[in-house]
Amino acid sequence: MQVEEQWGEADEPKGITFSNNHGFSITIAEPHDADDHSWKQGVNGDRPTLYFKVNDVDAAYADFSDKSAVVIEPQNTHWGMRWFVVRDPNDNLIAFFKPT
């Protein structure tokens, strides 16, 4: 895997995305405060969020049948993606996103 992107200076929250040649990527990021609620990573800040890249966030949200599981409704984040986040039955967070 190679570094696709990384961010965070001195006193800022840090993060990194690794990817491979097969379309797989993983992002690790520190929790942070943000007006768009994107800081709500994991459960109580200690569990990972799974990210699934989709072609159309709003269409994926419309197709999502259990709206009671939605943690964050579709919105644009401060780091340049549109997403929504749901909680699975085991309390894991799952984000569906597309870069903007």
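Judged by distance alone, with hydrogens and angles left aside, the side-chain atoms of N90 form no donor-acceptor pair with the main-chain N or O of N92 at under 3.5 Å. Counting only distance, with no hydrogens or angles, the side chain of K98 and the backbone of V54 share no donor-acceptor pair below 3.5 Å.
Taking S68 as the reference, D66 meet the side chain to side chain donor-acceptor pair (under 3.5 Å) condition, with sequence neighbours excluded. Considering only residues two or more places apart in sequence or on other chains, D56 meets the salt bridge (charged side-chain N to carboxylate O under 4.0 Å, His left out) condition with none of them. With sequence neighbours left out, the side chain to side chain donor-acceptor pair (under 3.5 Å) criterion links E4 to S19.
The distance from the CE atom of M1 to the CG atom of N21 is 9.5 Å, given to the nearest 0.5 Å. With rounding to the nearest 0.5 angstrom, the CH2 atom of W83 is 12.5 Å from the OG1 atom of T100. Residue Q2 holds its CD atom at 7.0 Å from CG of N20, rounded to the nearest 0.5 Å.
When all heavy atoms of Y61 and P74 are compared, the closest pair comes out as CG-CG, 3.4 Å. When all heavy atoms are compared, the tightest approach of E9 to K14 is O-NZ, 3.9 Å. Between K53 and P99 the shortest heavy-atom distance is CE-CD, 3.8 Å. Contact between A69 and F64 at its shortest, heavy atoms only, is CB-CE2, 4.2 Å. The minimum heavy-atom distance linking M81 with Y51 is given by the pair CE-CE2, 3.6 Å. Nearest heavy-atom pair across F97 and V57 is C-CG2, 3.7 Å.
Counting heavy atoms from C-beta outward, D58 and R82 have side chains that approach closer than 4.5 Å.
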